[in-house]
Amino acid sequence: MPLKTAYQLLEDSIIYYQGKPVGTAAACDSSPVAANYQECFVRDFVPSALVFMMGGRAEIVRNFLTTVMHIRGQQTVLEGHQRSMGLMPASFKVIEEDGQEQLVADFGERAIGRVIPVDSAMWWMFLLRSYVVASGDWDFARSAEVQECMRQILDLYLRERFESSPTLLVPDGSFMIDRRMGVYGYPLEIQALYFGMLQTAKELLSCTNGSESLIGNLQLLIETLRSYVRNHYWIDRDRLNRIHRFHAEEFGLNVDNVLNVYPESIPDWMDGWLDNRSGYLAGNQGPGRVDFRFFTQGNLLAILFDLATADESQGIMNLFASHWAELIGEMPVKIMYPAVRGREWMHVTGSDPKNVPWSYHNGGNWPVLIWPFVAAAMRTGRVELAERALETITERLKKDNWPEYYDGKKGGLIGRRANFFQTWSATGLIVAHQIYEDPECRALFDSCMYSTPIKLWSNRGNYF
Ligand code: GLC
């Protein structure tokens, strides 16, 4: 029973603080690749949280939300700067000092490359909403502390800087891909999470303390972000054809090629890659730049949050179906396609040996992505794709001891430097099975719920 082992791994990963479960370690590997895998990463906790909520243990998620909210004041501040309480840590751990337990947060200051976890606060908000759906505990969401925390997050994320588009500008490695990978600027995954966060804030912010105008503004931001992403990120055969014939260097307000993308920048691998039923949202957009790489998590979240239209969502699932070997392969799901190679790899990654072609972030296969994949497949009615992916993954993952990622064009090899007993590889699989067997679980994150007021989701049984 692979899932039984997965549940055991989740139990083993639980981190306690003052006797209460507050999070889960990234991995339970006795010789992990890096010391910080024993910490609880905010993004890694998401599938753990979904499993806890589906199993009637929502109080652990509440403990986590409270813990992260409390430790956000720990961040170190650069000289001459002011602390922004809207930033949430990448990870935290519990240490013992003078016989006392202490929580220690990392905001990127101990991370490789000092990358900033822009996605943490967005995942925190995502879980806050799921927690309210699972537990009905509106008092928590409406408490003064949580309301203040949400406002501080928005204060940071909506702050005006040098915007020329409604998308959020971030440095490289600010989300799941937390190393230099040419994902600076306006990466899709951040835009999808940002979109989800704006929707959640609109729903959960109380109309008090002068937040009325903020809530009104959120709706405008949601609409402009959605239409911008749909116009500028979507690529199908028609759009590609338009880019192929773009005129460049157009001045003025009413131009077609607003970002001045040169048709010559279309990579060779795109030739013939899209059939007339498939499409996807590009990885990134910026001045003179379309990152044509396919990023799985951003596309799947765009389906779940309704950032993509219903037709576009079908187009994305068609792309998976038509490129099954490349995008799903022997271990669902490839994080990004295609890998950067040769001199491009040197320039884009800074010659990172962990991110060599078809490994890790550079085109590796990540089992955790099975949960958004199955969720998106169920949402678009593509049950056969969910089944096929689940069949590919389930036995193998347990047999291989829950590796963090796989290498190779088809993901056939265990990642060279992958941890074993990686918690989100196990929890991702549990969540995927749960969603497949009981589509009602989708209420915890699926955006159909955004159009209607939050409905309490009934727990469907205790799996522990
Ligand atoms: C790697 C992943 C990151 C994850 C962390 C802990 O750094 O890129 O997304 O949060 O490991 O599992």
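In listed order, ligands and their atoms are each counted from 1.
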Asker: Are Phe320 and Phe373 close enough that their ring centers fall under 6.0 Å?
Answerer: yes
Asker: Assert yes or no for the condition that the ring centre distance of Tyr337 to Phe294 is strictly below 6.0 Å.
Answerer: no
Asker: With a 4.0 Å cut-off on heavy atoms, is Phe175 in contact with ligand 1?
Answerer: no
Asker: For Met331, run the side chain to side chain contact (heavy atoms under 4.5 Å, CB included) check against Leu397, Ile414, Thr392 and tell me which one passes.
Answerer: Leu397
Asker: Quick one: nearest non-hydrogen protein atom to atom 8 (O) of ligand 1, plus distance?
Answerer: His361 NE2, 2.7 Å
Asker: Under 4.0 Å from ligand 1, counting heavy atoms only, is it the side chain of Glu404, its backbone, both or neither?
Answerer: side chain
Asker: Look at the aromatic rings of Phe126 and Trp371 and report parallel, tilted or perpendicular, splitting at 30° and 60°.
Answerer: tilted
Asker: Do the ring planes of Phe64 and Phe45 sit parallel (below 30°), tilted (30 to 60°) or perpendicular (above 60°)?
Answerer: parallel
Asker: Given Ile177, Asp119, Asn419, Asp178, which has its nearest heavy atom closest to atom 7 (O) of ligand 1?
Answerer: Asp178
Asker: Which of the numbered atoms in ligand 1 are under 4.0 angstrom from any heavy atom belonging to Gln422?
Answerer: 12 (O)
Asker: Are Tyr157 and Tyr194 close enough that their ring centres sit under 6.0 Å apart?
Answerer: no
Asker: Specify the protein heavy atom at minimum distance from atom 9 (O) of ligand 1: its residue, its atom name, and the distance to 0.1 Å.
Answerer: Met176 O, 2.7 Å
Asker: If we only count N/O pairs under 3.5 Å, is Trp366 in contact with ligand 1?
Answerer: no
Asker: Determine the interplanar angle of the Trp366 and His361 rings, folded into 0 to 90°, and report it as parallel if under 30°, tilted if 30 to 60°, perpendicular if over 60°.
Answerer: parallel
Asker: Is it the case that ligand 1 has an N or O less than 3.5 angstrom from some N or O of Phe41?
Answerer: no
Asker: Determine whether the aromatic ring centres of Phe195 and Phe305 lie less than 6.0 Å apart.
Answerer: no
Asker: Any idea which part of Tyr360 is under 4.0 Å from ligand 1, heavy-atom wise: side chain, backbone, both or neither?
Answerer: side chain
Asker: My understanding is that we take every heavy atom of each candidate and find the minimum distance to atom 10 (O) of ligand 1. Doing that for Asp44, Ile112, Val115, which one comes out nearest?
Answerer: Asp44
Asker: I need the nearest protein heavy-atom contact for atom 11 (O) of ligand 1: residue, atom name and distance, please.
Answerer: Tyr37 OH, 3.3 Å
